[in-house]
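Worth knowing before you read on, the calculation uses all heavy atoms, side chains too, and leaves out hydrogens, waters and symmetry mates. Chain identifiers are assigned alphabetically (A, B, ...) following the order of the sequence lines, protein sequences preceding nucleic acid strands; residue numbering begins at 1 within each chain.
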Protein chains: 2
Amino acid sequence: MNGKSTTTRTKLERGRSALGPALELVHTGRAPTRAVLTSELGVTRATAGAVAAELEALGLIRVDSSPGSAAGSQGRPSHRLAVRDSGPVALAAQVHADGFRAALVGLGGRIVATAPGCVAVMADPAQVLGEVVEAGAELLRDSGLRCVGAGLAVPSAVAEPEGTALNPMHLAWPAGAPVREIFSARVRAAGISGPAFTGNDVNLAALAEHRHGAGRGAQHLLCVATGHRGVGGALVLDGRLHSGSSGLALEVGHLTVNPEGRPCHCGGRGCLDVETDPLAFLTAAHREPGPEESLLKQSGDLLRTEYGDPCVRAAAEELIDRLGLGLAGLVNILNPDRIILGGLHRDLLEADPERLRAVVADRSLWGRSGSVPILSCSLDHNSLVGAAELAWQPVLDDPLAALA
Amino acid sequence: MNGKSTTTRTKLERGRSALGPALELVHTGRAPTRAVLTSELGVTRATAGAVAAELEALGLIRVDSSPGSAAGSQGRPSHRLAVRDSGPVALAAQVHADGFRAALVGLGGRIVATAPGCVAVMADPAQVLGEVVEAGAELLRDSGLRCVGAGLAVPSAVAEPEGTALNPMHLAWPAGAPVREIFSARVRAAGISGPAFTGNDVNLAALAEHRHGAGRGAQHLLCVATGHRGVGGALVLDGRLHSGSSGLALEVGHLTVNPEGRPCHCGGRGCLDVETDPLAFLTAAHREPGPEESLLKQSGDLLRTEYGDPCVRAAAEELIDRLGLGLAGLVNILNPDRIILGGLHRDLLEADPERLRAVVADRSLWGRSGSVPILSCSLDHNSLVGAAELAWQPVLDDPLAALA
DNA sequence: CGCAGTTTGTTCAGTTGCGGCACAAAGCGA
DNA sequence: TCGCTTTGTGCCGCAACTGAACAAACTGCG
């Protein structure tokens with residue numbers, strides 16, 4: 001903070017400084033050829049060539065020098081760049097209300113293998129994480145691929161820097177469970193190489209969508225999504241996740257969207273959480289909610305198959321209006337250039353996109369900031385891919401150091 | 001965005017890459033000696049010495065090699081670093097409800113000279129900006145100092161990238177006035193060297209406080225302040241102003257803080273804007289509001305001198321509760337690690353700091369994020385200093401290129 | 001007062017990432 | 001087949017930085 005600090009700072013790394021940015025460009029699909037890589041990096045062709053060769057030597061990318069592989073305009077065709085199929089992978093894990101999922105994810109967000117599963121006693125985080133890591137370790141053994149690290153997505157805010165799950169509502173976990181510590185320990189115990197990371201599932205979904213999905217190219221990406229219960233938010237600024245000073249940013253579930261609404265456990269009334277989640281929708285549509293772990297599917301199916309029913313339609317419009325109010329509030333604070341919706345919010349958007357956009361535009365303060373594009377999530381398993389992004393990040397930052 | 005872009009990107013500048021960071025460290029007071037500079041930059045003593053010598057040769061900083069200038073611990077005393085007294089300056093300008101102010105600001109946020117003034121016809125932005133630039137040009141001529149550029153602070157959201165003032169409420173300006181264009185033209189016409197910039201006053205105040213005031217060292221700094229009317233907000237992330245994708249982020253005036261509150265021109269009820277500004281305070285305290293341009297002073301004086309009056313105290317507590325609710329909402333979305341208040345909000349904080357902190361902590365979702373430190377602004381003329389920061393930024397980014 | 005110990009500034013090779021240039025390679029159009 | 005255009009590659013040189021050795025300035029101790 002103040003005055004003399006003896007911390008030895010980020011020593012300006014020697015070694016190709018353009019290596020990380022180059023890998024990130026290939027990883028996110030923004031550098032399909034070496035020529036594009038040259039202009040995007042702002043270096044000479046000589047340097048870009050050397051960088052690409054080095055990434056290929058590291059086994060991360062593939063340079064396709066076969067002639068005729070690139071069509072197009074005049075001039076000599078550029079060699080194509082792509083992530084290597086049998087390159088290293090990250091171990092991604094996700095825990096949700098009704099089980100877990102493990103996967104191996106390569107560069108470019110490519111899912112190489114997945115393994116879903118359930119556990120008997122969901123109330124014990126150590127057991128759940130033990131099983132998901134074991135499933136992941138088995139995938140790794142079967143694949144024989146190198147592992148750069150592991151990432152875990154949990155449906156809860158994750159406090160920084162401790163890595164504790166503050167509100168694992170959908171899980172039967174105790175609040176404050178040290179998920180990062182448990183996950184790291186299990187990963188190490190399973191002999192999986194590389195560091196281990198943990199994050200909130202909506203945050204990680206936003207990160208994945210930004211790099212590989214509907215959020216590509218956005219500078220200020222806002223993501224809002226429901227699970228079976230409750231609402232989560234995330235913000236990606238200039239390609240990096242913004243999770244606040246202690247990981248609690250964008251906990252948007254308790255924005256007030258209906259001053260006369262139903263009371264919320266937070267002490268307020270009409271919070272986004274209780275006004276726009278699947279349970280709220282089913283209640284508004286006068287349907288009997290099924291078991292907790294199927295609320296999301298039940299709501300989505302209802303929206304898609306029975307939108308003609310006046311009761312369903314009225315419920316949808318009520319939720320769209322509430323959601324729009326919440327989004328408008330966020331737009332006035334964050335001024336994003338793109339919004340991505342997931343879960344039931346995605347279904348609501350697709351049921352009546354014009355209505356939602358109109359509400360947001362109407363309640364935003366100044367025209368253009370309210371006409372921000374609102375899109376649906378576009379990736380399968382985006383939280384899982386996002387968890388893998390966490391593990392890939394050190395490699396993207398400095399491939400040489402991370403793979404040494 | 002997608003695919004091949006022909007834009008020639010940020011060419012990795014040659015020339016000492018550590019020059020900019022080093023200047024920024026001296027500028028923000030984080031490198032009082034060459035030894036600290038060495039560790040903060042993470043370079044060898046040889047490099048730090050060369051960098052400091054080059055900055056001195058550019059006339060930006062002063063290296064005090066006189067013996068005995070540094071007390072302290074063991075070993076050879078380090079040479080002290082300081083910004084040069086008669087170095088270049090930035091021209092800073094501010095327009096507010098009752099006039100304008102021009103100043104010359106050196107590195108380190110040091111105000112070298114100021115000139116306040118008024119204009120007859122405030123309704124014409126071209127005339128106001130013409131006069132403020134003329135006042136600044138006169139200061140420059142009198143000083144004989146080199147000018148690196150000019151910055152302007154206006155009490156309105158400034159849309160990016162056009163640079164138009166969207167809601168100059170306190171001024172009699174037309175909404176959408178092209179302030180950046182006008183200011184740039186006037187600066188060029190006056191023969192003032194360097195680029196010209198324009199920004200919102202609260203944003204610029206936050207930037208100044210982050211670099212030279214109560215916000216030093218904060219990673220996620222939230223700033224909220226009132227002028228005579230209305231409320232503004234700003235966010236500084238990792239040392240850079242976050243103003244959203246079109247400059248409209250943190251327009252927090254229309255957060256709902258009182259569902260049963262008075263109607264607001266935005267269409268809602270009980271907005272922060274109409275519930276916590278000086279006019280709201282005077283009304284709540286049953287005092288006759290004076291002329292528009294003295295509302296802030298009138299409110300502050302009332303708070304400081306008559307806090308014993310039950311009527312004043314009740315009004316203050318009501319506003320503190322409303323402000324706390326608004327801040328808690330922002331804390332839940334942004335999770336800052338420090339909050340700075342200006343204008344009447346600062347006076348409210350100082351009247352009863354415990355009450356405000358308690359409200360924020362109570363309405364924040366998870367303990368620690370709500371116990372964020374809340375401080376008063378600590379700089380005089382922080383918007384003015386912030387405007388100068390805009391003009392200094394190119395020099396801080398690349399001193400050699402900017403001063404060439 | 002002198003000497004060890006500590007921290008800082010300076011000088012001088014040596015390394016290296018990268019720009020700049022020239023040339024070769026690979027496609028298109030006439 | 002001959003330009004024309006665009007891309008890949010080898011070579012040279014610059015300059016920023018590291019590392020190490022040495023000099024300088026101060027404290028503390030005997």
Side-chain angles (χ1 to χ4, degrees), chain A residues 4-6 8-22 31-57 61-81 398-401, chain B residues 4-6 8-22 31-57 61-81 398-401:
Chain A
K4 167 182 228 159
S5 89
T6 52
T8 315
R9 274 302 184 80
T10 59
K11 172 163 287 191
L12 296 182
E13 299 296 344
R14 304 288 291 181
R16 300 201 177 278
S17 71
L19 216 54
T33 68
R34 292 199 358 185
V36 174
L37 185 64
T38 302
S39 67
E40 288 293 305
L41 286 177
V43 298
T44 58
R45 289 198 297 271
T47 306
V51 164
E54 195 157 353
L55 288 177
E56 190 176 24
I61 72 170
R62 188 164 43 83
V63 180
D64 187 354
S65 3
S66 69
S69 69
S73 55
Q74 294 184 353
R76 172 176 174 176
S78 187
H79 295 173
R80 302 199 69 80
L81 301 178
D398 188 340
L400 274 179
Chain B
K4 168 181 232 161
S5 89
T6 53
T8 316
R9 275 300 186 81
T10 60
K11 172 164 287 190
L12 295 182
E13 300 294 343
R14 303 287 290 181
R16 298 198 178 279
S17 71
L19 216 54
T33 68
R34 292 205 351 191
V36 175
L37 185 64
T38 301
S39 65
E40 289 292 305
L41 286 178
V43 297
T44 57
R45 290 199 297 272
T47 305
V51 165
E54 193 156 354
L55 288 177
E56 190 177 25
I61 72 171
R62 191 163 42 83
V63 180
D64 188 353
S65 5
S66 68
S69 68
S73 54
Q74 292 184 352
R76 173 175 173 175
S78 188
H79 294 173
R80 301 199 69 81
L81 301 178
D398 188 341
L400 275 179

Peer 1: Side-chain donor or acceptor of Arg76(A) under 3.5 Å from a matching atom on the base of dT7(D)?
Peer 2: yes

Peer 1: So, does Thr47(A) get its side chain near the phosphate of dG19(C), meaning an N or O under 4.0 Å from OP1 or OP2?
Peer 2: yes

Peer 1: Answer yes or no: does a side-chain N or O of Ser78(B) lie under 4.0 Å from OP1 or OP2 of dT7(C)?
Peer 2: no

Peer 1: Does Arg34(A) put a side-chain nitrogen or oxygen below 4.0 Å from OP1 or OP2 of dT6(D)?
Peer 2: no

Peer 1: Identify whether any heavy atom of Ala50(B) sits under 4.0 Å from a base atom; if not, whether one sits that close to sugar-phosphate; answer base, sugar-phosphate or nothing.
Peer 2: nothing

Peer 1: Go through the steps for Asp64(B) and His79(B) under the test side-chain contact (heavy atoms from CB on, under 4.5 Å), then give the verdict.
Peer 2: CA-CA 6 Å; Asp64(B) 188 353; His79(B) 294 173; 6.0 Å; no

Peer 1: Expressed as a whole number of angstroms, how long is the span from Leu19(A):CG to dT16(C):C1'?
Peer 2: 15 Å

Peer 1: Quick check on the helix from dC1(C)-dG30(D) to dA30(C)-dT1(D): what's the angle between its two end axes, five base pairs per end, to the nearest 10°?
Peer 2: 10°

Peer 1: Side-chain N or O of Ser17(A) less than 4.0 angstrom from OP1 or OP2 on dC18(C)?
Peer 2: yes

Peer 1: In whole Å, what is the span from the CD atom of Glu54(A) to the C1' atom of dC18(C)?
Peer 2: 13 Å

Peer 1: Can I get a per-line list of side-chain donor-acceptor pairs under 3.5 Å for residues 46-54 of chain B, giving both atom names and the distance, sequence neighbours left out?
Peer 2:
| from | atom 1 | to | atom 2 | distance (Å) |
| --- | --- | --- | --- | --- |
| Thr47(B) | OG1 | Thr44(B) | OG1 | 3.1 |
| Glu54(B) | OE1 | Arg16(B) | NE | 2.5 |

Peer 1: Please report the distance, rounded to the nearest Å, between CD in Gln74(A) and P in dA25(C).
Peer 2: 21 Å

